[in-house]
S.K.: 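Following this message is one structure expressed as structure tokens.
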Amino acid sequence: MNSIFEKIRSQIETAIKNAVSAAVTKGKLPDIELPAIMIEKPREEAHGDFSTNIAMQMARQARKAPVQIAHIILEEIDYRDTYIVRAESAGPGFINFFLNNDWLYEALILIDKKKEQYGEVDIGRGEKVMVEFVSANPTGPLHMGNARGGALGDCIAGVLQKSGYTVTREFYINDAGNQIEKFGISLEARYLQQIHGENNIPFPEDGYHGEDIIDHVKDYIKQYGEKLVSVSSDERRKVLVEYALPKNLKCIKDGLSRYGIEYDVWFRESSLYDGEIDETIEILKQRGYIIEKDGAVWLNGEKAGLEKDEVLIRQNGYPTYMAADIAYHRNKFLKRGFSRVINLWGADHHGHVNRMKAAMEAIGIPGEKLQIVLFQLVRLYRGGEIERMSKRTGRAISLDDLLDDVGVDAARFFFNMKTAGSHLDFDLDLAIEQSNNNPVFYVQYAHARICSILRKLTEEGVTRKAIEDIKINLLTQPEELALMKKLAELPEEVAASAETLEPSRLTRYVIDVASDFHSFYNACRVKCEDEDLLQARLLLVDSTRIVIKNVLGIIGINAPEKM
RNA sequence: GUGCCUGUAGCUCAGCAGGAUAGAGCAACGGCCUUCUAAGCCGUGGGUCAGGGGUUCGAAUCCCUUCAGGCACGCCA
């Protein structure tokens, strides 16, 4: 049993089931199939620690008023040997349960026992899951979209790991196909412009206009001179791409590494061109999903359940991005045996979601095994104004610029504060503000404060006793109870984050923990006269420290011991 | 035009396998430091859950519709 909550839920569930069947035996209730018992935490304290709406759910089938059913259940309910001390019906038919504090004390014991493993759950049972994220084109620097996708993807992966999944973090390198072609053309044009003058060489309309392309060719010329003028265009592009691509890739790797992201696999799109794309097309053909028209190879949209047909192999014989992507996902599922694949995409790719799911079905893989987390793009604010360009370089703000400005902790924290689907306004001023306005500092401060208390007590020669010797039940103040209750929630917060693929709820959770701690800190002194109480509070703050540290670890930010 | 996403307090956002009086932070206002870090705490005010229908004992949550904003509809990725 990982979570005290599981234990409580199962106690309540059992009590209700037994009560219902007792009532049925006595003829008080008709023998109907019991709906799934939902147990929730009421918002209002007066409504108990836990409540269930089972009486209301049974009402229709049982042909009795909810309140009446609730009363019948309460007549029969037996909660000896549980945490429950009182149960009562309320409102339209809720049954509210009031617990004694033992479960909170047990939560502290559990935290003390599991330490840095506290919060881990095993809903994944080792299932092999891949999280593919960022996968930025290696044709330029990382931008804000990549920054958000990176923070989200890394945290989703982290949360899944803590939930018992075997997780692989993967970056898909788009080092083939059209965009590399365009990259080459762009580099070539800039190269020739450097040598023959900007006005004498046209720059292609659909090329990459970024300054970084010019930087690359300048660097190249500095190092190798103008010898590419005399070779063929094909050769020129090839050499320039081979020069610039690894540099870009290194930039991406370094940037992400600085951001705290380490991948297990860097997968090259080009590796699919050795046959896997052809194999994939062949399978689609055998399964009857291919049509040929206008000199190209198409995925049959009607058969696949899509609005229109999609080109897979162009007239010129080159596969499209989609063809490569289908082959890539076939590789993930069939060649490497992932049973679930999670991709993080910017919202501008949402049109691709159904296409890919349909394509998976077409090659015989259930579409729901591919999960796409779409995230909305980011707007940066500074001084209340939208910020588009870096003041320093005059270019679009890159991940590196962001990290220079606000640091890794603030960036990762902010990107994980809101759900992926929400538009995100990133306030650059707030992120570097050292005040209670800034939630990153608020949480880190709570951790540092605890460490300071522990440090001070250690200096004064106070050491914590073994857990068995601590009278935890001295913790009875409202602020102590609220804090313990919050700490007890971690395992199920982790599980819920994993199930919904929304790590942002953990970020909000840890803000709550910090808040409950600060309230406790103001209401209760750890260093107090009563030796036993001191020991109990020492355990409580140390447990709080562990919880904050564990969550910050998942989000991937520091838990400073001093501030 | 078609499809997808979003719309909740002044601002930024939670809540949305239907449940009790819709929450938090910030901003505003008023308090709290001779005691473990005031980067903190306590309190007050603030809402037509975009509008309108419908389903239900019960709707911010589900369905329909209108409006507003964003995005996608390429032999781009």
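Each chain gets a letter, A, B and so on, in the order its sequence line appears, and its residues count up from 1.
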S.K.: Answer with base, sugar-phosphate or nothing: what part of the nucleic acid does A446(A) contact at a heavy-atom distance below 4.0 Å?
M.R.: nothing
S.K.: With sugar-phosphate meaning primed atoms plus P, OP1 and OP2, does C451(A) contact a base, only sugar-phosphate, or nothing at under 4.0 Å between heavy atoms?
M.R.: nothing
S.K.: Starting at CG of L299(A) and ending at P of C75(B), how long is that distance when rounded to a whole Å?
M.R.: 14 Å
S.K.: Base, sugar-phosphate or nothing for Y521(A)? Non-hydrogen atoms, less than 4.0 Å.
M.R.: base
S.K.: Using a cut-off of 4.0 Å on non-hydrogen atoms, how would the nucleic acid contact of A90(A) be classed: base, sugar-phosphate, or nothing?
M.R.: base
S.K.: Rounded to the nearest Å, what distance is computed from the CD atom of residue Q315(A) to the P atom of nucleotide C76(B)?
M.R.: 11 Å
S.K.: What I want to check is whether the side chains of D175(A) and S270(A) have a donor and an acceptor closer together than 3.5 Å.
M.R.: yes
S.K.: With syn defined as a glycosidic torsion within 90 degrees of 0 and anti otherwise, which applies to A22(B)?
M.R.: anti
S.K.: Would you mind building the protein contact string for nucleotides 30-35 of chain B? One character per nucleotide, 5' to 3', B for base within reach (heavy atoms under 4.0 Å), S for sugar-phosphate only, - for untouched.
M.R.: -----B
S.K.: Among C75(B), U37(B), A20(B), which nucleotide has an atom closest to any side-chain atom of A448(A)?
M.R.: U37(B)
S.K.: Quick check: on RNA chain B, is the nucleotide nearest L457(A) upstream (toward 5') of the one nearest R43(A), or the reverse? Name the residue that is more 5'.
M.R.: R43(A)
S.K.: Does the plane of the ring in W266(A) sit parallel, tilted or perpendicular to the ring in Y263(A)? Use 30° and 60° as the thresholds.
M.R.: perpendicular
S.K.: Do K182(A) and N137(A) meet the criterion of a side-chain donor-acceptor pair at a distance under 3.5 Å?
M.R.: no
S.K.: Quickly work out the M563(A) CE to A38(B) C1' distance and round it to whole Å.
M.R.: 13 Å
S.K.: Round to the nearest Å and state the distance from D427(A) atom CG to A27(B) atom C1'.
M.R.: 13 Å
S.K.: Reading RNA chain B from 5' onward, which residue's closest nucleotide shows up sooner: R505(A) or Q179(A)?
M.R.: R505(A)
S.K.: V494(A) pairs by side chain to side chain contact (heavy atoms under 4.5 Å, CB included) with which of I123(A), V551(A), L506(A)?
M.R.: L506(A)
S.K.: I want to verify the glycosidic state of C33(B); is it syn or anti under the 90° rule?
M.R.: syn
S.K.: For nucleotides 4-14 of chain B, give me one character per nucleotide, 5' to 3': B if any protein heavy atom sits under 4.0 Å from the base, S if the only such contacts are to the sugar-phosphate, - if neither.
M.R.: BS------SSS
S.K.: Where the side chain of H518(A) is concerned, which of C41(B), G74(B), A77(B) is the nearest nucleotide?
M.R.: C41(B)
S.K.: By nearest atom, which of the nucleotides U37(B), A77(B), C41(B) is closest to the N137(A) side chain?
M.R.: A77(B)
S.K.: If I pick the C1' atom on C16(B) and the same atom on A22(B), what distance separates them, to the nearest angstrom?
M.R.: 12 Å
S.K.: What do you reckon, is CD of Q57(A) surrounded by more than 12 foreign heavy atoms closer than 6.0 Å?
M.R.: yes
S.K.: Choosing from C73(B), C36(B), A39(B), which nucleotide comes nearest the side chain of Y445(A)?
M.R.: A39(B)
S.K.: Which whole-number value in Å describes the distance from N53(A) CG to A20(B) P?
M.R.: 10 Å
